[in-house]
Amino acid sequence: MGLLLLVVPVRFQSVFRMAALVVGVAQLILFALLLASFDASQPWHGLEQAAWFSIDLGTWGKLQASYLVAVDGLSVGLVGLSVLVLLLAVVSSWHVQENIKGYWSLLLILNGSIIGSFCALDLLLFYVFFEFMLIPMYFLIGIWGGPRREYASIKFFLYTLAGSIFILMGIILVYLSYQDPTQPAVAHTFNILHITNPLQLLIDSPLYTADATLGSYRGWTFLLFFLGFAIKLPAVPLHTWLPDAHVEAPTAISVILAALLLKIGGYGLLRFVYPVLPDAAQHFSPWVAGVGLLSIIYGAMNALASKDLKRLVAYSSVSHMGFVLLGLASGTSEGVGGAVYQMISHGLISAMLFLLVGVLYDRTHDRQISHYSGLAERMKPFTAFVLIAFFASMGIPGFSGFIGEVMIFLGAFRAAELGIFGLWIAITATTGLLLGAAYYLWTIQRMFFGPFHSRAGEHNLVPLTTREYVMLLPLAVATILLGVFPQLLLHYINPFVQAFLVSFSSLTD
Amino acid sequence: MIATHHIFILSALLLSVGVFMLLTKRNAILILMGLELILNAANLNLIAFNQRYADALAGEAMAVFVIVLAVCEAAVGVAIILQAYRHYATAVPDQISELKDPA
Amino acid sequence: MNVASTDWNAWVPIALALPLVSFVVSFWMGPRYGWLVPLMATALLLAGWVCTTVILVDHSAGTSHFAVPWFSLGTDVIPIGWWLSPRSVTMLWVVYTISLLVHVYSIGYMAGEGGIARYFAWLGFFTFAMGGLVVSSNLLVTFCCWELVGLSSYRLIGHWHQQPAAGAAATKAFLVNRLGDIGLLVALMLLWSRAGTLDMPALTAMALSEETKTAVGLCVLLALAGKSAQFPLLHWLPDAMAGPTPVSALIHAATMVAAGVYLFVQLHFLFSADALAVAAVVGLLTLFVGGWGALTQFDVKKILAYSTISQLGLMVAGVALASPEAGFAHLFTHAFFKAGLFLGAGALIHAVSRHGHAPQQDIRHMGGLWQSHRLVLVCFAVCAASLAGMPLTSGFLSKEGLLLHVRHHSFYFGVMATASFVTTLYSARMVFYLLSPTPQAAATHPVPAIMQLPLFVLSVGSLFIGLSASPLSIQSWWPVFDAIESAPWVMVVSLAVLVVGVGVAWRLYRHRPTATLHARWVPQTWLDAAQKHIAVTPALQASRLTHHADRRWLDGVLHAASYGYVTCSFVIGWVDRVLIDGWVTTVTHAAKGGGKLFRSLVNGKIQSYLAWGMLALLSFMVWMLYQLAHR
């Protein structure tokens, strides 16, 4: 299995765009090979393990971590998404002008760390990859960004770093509480396979308590993790880094940020926070759902008020990631499956949205919604893609967004029925759909309908180039495909959700 | 026979003249000559002290040594002065201040 | 949940696929073979219509259900399939028939317009979605189609997107519909969480609690209020007339707006008595608001739009009060006569409008066409008669059916009879204006035969033979409608209402008064105001508030925190520099001063070195002598 190459692409050389493209294509091929050998009934695929380090601490036992990577039904979709989006990001930044060498090598480092964190099964390894994403991102926004890039990049960095600290604290607490079954009583473990197994929980360790409420260790650990990942997700009110980072970042970076980095928040919660602390998760689920609801409504409201197209799209991301939280909080197979589905679907759709904003920005260097009108007249294929992306994001049936949202609602209502959280949360969340339609339709009406007008002049509005078609078409096709044949993806997600819920219920019983 | 303390006074005078020359003369050659005077003052003292011990010749022998040493010293000193002169085109030590901290 | 997979009927997928093919191919061919698109789309739809006719003939009675898994959620499977009953088969046929006629009509009507390929593509897509909505066996799939018809309606209302009004109307229509969609979504979710299935055949067999039924019923009512323009969500429909007229005929009169009623009929079993009572009130309210609205308008399309609203209200009230079948019968006849009215209106607009100008839609300026457009006017009048409920028309029969059902409730009977009077009044008003012999100022255009043909077909369908073999009672050849025993006094009442209505209209409108009513009398004015004040403005204000909150408060806290942090670090930095580094600095300063002092001694002059050396030697000697002296 060439997963190693998938995780660690040729990096620290002077790689230029061709190399990046080759890496991207190679990853795509490797992913296709992986998918071909993927058997949904098996839990882990492409498991690779190598001891990373092991330090003897004398009477304290051993501190050890390993390089352990694999994919399962949860990560295979996200890895696939990453491979696709990263490749498209390469295509979309084909014409980056300044400091080419730095740009492409940072992009490749980012590439490696994103895929790495989606594959890592060792907490420490995950954390390292997680942290490693920040640095290239920081530079990519801070060097190649827009006019307020320093502010945006520092804000992004500090916010995410703060989140990482919470996560690190949580990781340490988890580490101290679980033992390595191969060396019992000698070594603790970072291995996700072990920590999700309650048999390895050490007696009298911090997490060894039946109490999962606010004051207990389990409650605290959950909150630490949740806080960290909620920043990444982002959930209101920890989201304010996102609009700034998006508005200032270059197109390709916005795409990666929205399509992949946000997903790591949801992924982390699903990968180990919920399986390790199911009781705490259940205890806090009304709050998680409440935060999700707040994100949905608040994000949509902000999108409605945005004057900058990119900011609108950024806030719509906040709103859509709120659905992920709502689905997670439901703790039902529909809701959790829907959360995974929504993450992947939002990855595709937000990538498309940001690429489209980039297409317009490349032409006119102007993203103010009020500066345009009647674009449908002049840029027909562009309008068609925008409509597809907007409708997909709005959750119109036939696009992947619909399936994700409907599954989440199914889960949320069932959870409300089971008494996990109030019915009003689920019902109020549905108004997010109305608000979503409102801001997108209003934007269409303002920018695309009516007589043609563009403040930047019309000579700039050249037709879409082949390169832009190459970027947009796969995403449009993928959204529609996943909207019409959701089983393509659910085939992978369902077994994961089953396993997830088994561990969930066995602990809570 | 001259009283020893008279010789000491002469020697001290000679030393004073030597030191004065050493400190005040601008030309290196004259400074060297001042140095010779100091050495000669020392020689005079050696010989004067030897008067007390008539059967011993240690004082005179030492003075001969000092004379030889003075010759060597003068030769080396003059050579250095010549070299310095050749290098700096001057024999005035004040103008050769490379030993000084440049600050 | 088991997915029952029983009756495969190849005609259903073919019938559904053909309009979808038309959608795809129209877009594909659009850029290069634009002229071919109308013909191709119509041909595909004709084929689809043939399929639905075959299905109709096959399924005279009973139900058939076919389903395959669509996707699975954990252990649950969401199936996709169809559930054919006489009702759904009939509705499917109606949809395809009207759609086919509208396609044919559009060949003439849209000739020379821009964006023909787009127009026909979305017509095809609408037909597909509507067909799916009608036959789907799973409510989730129904919901998908429900939204997709809304989407195609949005695209078709906004077809002339260069006109700002069309864009605004499209947005409004979609958003109001979306509000209704949310109602349907909530209803579905409640069903899923309470009943565990969204499969219609399974749901029919299930006994749900009254409370669930009320909740679900009210949510479905919201949905159908959005889609079928029931009070108070009816104000989008008059605006939707900004779309091309054939679209109004197909979507905003005959089929899509009827989808709400159709869903009500289909899900009637999910409504509790309370929910039905609410639905009846909503329907009756709509009935009057629509009728009143129609009386206030002079724009022929808006009159028809309000008339549609009113008739939909009648259907909803009918389904709620009378029986689903009676309501459905009215839906069926309404589809024909209202589509006929719209196509007729379109033909008249076509006749009096000049190319390059805004279409002339004011009935005060559309008279005097009797000589030149006799067939069109006759067809229009027949359809209007059907709307008014004249004997010998299908509208008479279906309205009769509704009245018969409620004849024992004197209140409802009285309300419906009054509503019939209003309907008669505005129908007669419209016809009087249009038939008046006042000469037409502008030159008129002939109406092409391809537009007259569908009109003729629809007006024939609006006669009693469209519904029943007998002109006096429903003795249908349609399997779906039950024969109802007629009661002579009901018929007498409705005839009397009709005569009075026409008489009053004659008295009021014989002289073609032209005064426009003040806008405050038009229902839309205050519904728009309500929308603005209740929904739009608060939403925009709230969004500005949240935006403000985001930028000022959340970021403000963040900025305050970071400024505080930076200030702290400055203070700490000062402390560090001044207090902690202070003594270190003092020592280094002392060392530096000393060094400077001593360095000044080292001036590079040999003689000063010697002098210092002498001085040192001298002081050493003095010290030694001193020591010796004090020994």
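Every chain is numbered from 1, with letters handed out A, B, ... down the list of sequences. Note that the coordinates shown come from a computational prediction; the quantities given were computed from them, not determined experimentally.
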Candidate pair C:T171 and A:I444, rule side-chain contact (heavy atoms from CB on, under 4.5 Å), full reasoning: CA-CA 9 Å; C:T171 307; A:I444 293 176; over 6 Å; no

Criterion side chain to side chain donor-acceptor pair (under 3.5 Å) on C:W192 and A:E417, from CA distance to verdict: CA-CA 10 Å; C:W192 175 259; A:E417 191 67 21; over 6 Å; no

Using 0.5 Å steps for rounding, measure from the [atom1] atom of [X] to the [atom2] atom of [Y].
X: C:Y565; Y: A:L158; atom1: OH; atom2: CG; value: 8.5 Å
X: C:E147; Y: A:F391; atom1: CD; atom2: CZ; value: 11.0 Å
X: C:R194; Y: A:R414; atom1: CZ; atom2: CZ; value: 12.5 Å
X: C:L188; Y: A:F409; atom1: CG; atom2: CZ; value: 12.0 Å
X: A:L441; Y: C:L175; atom1: CG; atom2: CG; value: 5.0 Å
X: C:L185; Y: A:F413; atom1: CG; atom2: CZ; value: 6.5 Å

Does any backbone or side-chain atom of [X] lie under 4.5 Å from a heavy atom of chain C? Answer side chain, backbone, both or neither.
X: A:V484; value: backbone
X: A:L238; value: neither
X: A:F452; value: neither
X: A:Y440; value: neither
X: A:S373; value: neither
X: A:Y159; value: side chain
X: A:L387; value: side chain
X: A:K380; value: neither
X: A:L490; value: side chain

Min side-chain heavy-atom separation C:F174-A:Q445 under 4.5 Å: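 No - every pair of side-chain heavy atoms lies 4.5 Å or more apart.
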
Close side-chain approach of A:L410 to C:D76, heavy-atom, < 4.5 Å: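 A:L410 does not reach C:D76 side chain to side chain.
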
Partner chain C: residue of A:L433, A:L423, A:I493, A:I403 with the largest heavy-atom pair count (under 4.5 Å):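 If we count pairs closer than 4.5 Å to chain C, A:L433 comes out on top.
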
For chain C, the option from A:I297, A:V236, A:L489, A:T240 that forms the most heavy-atom pairs under 4.5 Å: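 Option with the greatest count: A:T240.
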
Contacting region of C:F27 [heavy-atom separation from chain A under 4.5 Å]: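 Neither the backbone nor the side chain of C:F27 comes within 4.5 Å of chain A.
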
Heavy-atom proximity to chain A below 4.5 Å, by part of C:L179: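 Contact with chain A: backbone and side chain both.
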
Smallest separation among heavy atoms of [X] and [Y], with atom names:
X: A:P451; Y: C:P164; value: CD-CG, 3.9 Å
X: C:W70; Y: A:Q487; value: O-CB, 3.7 Å
X: A:I396; Y: C:R178; value: CD1-NH1, 3.7 Å

Worked verdict on C:W160 versus A:F449 for side-chain contact (heavy atoms from CB on, under 4.5 Å): CA-CA 9 Å; C:W160 288 310; A:F449 289 168; over 6 Å; no

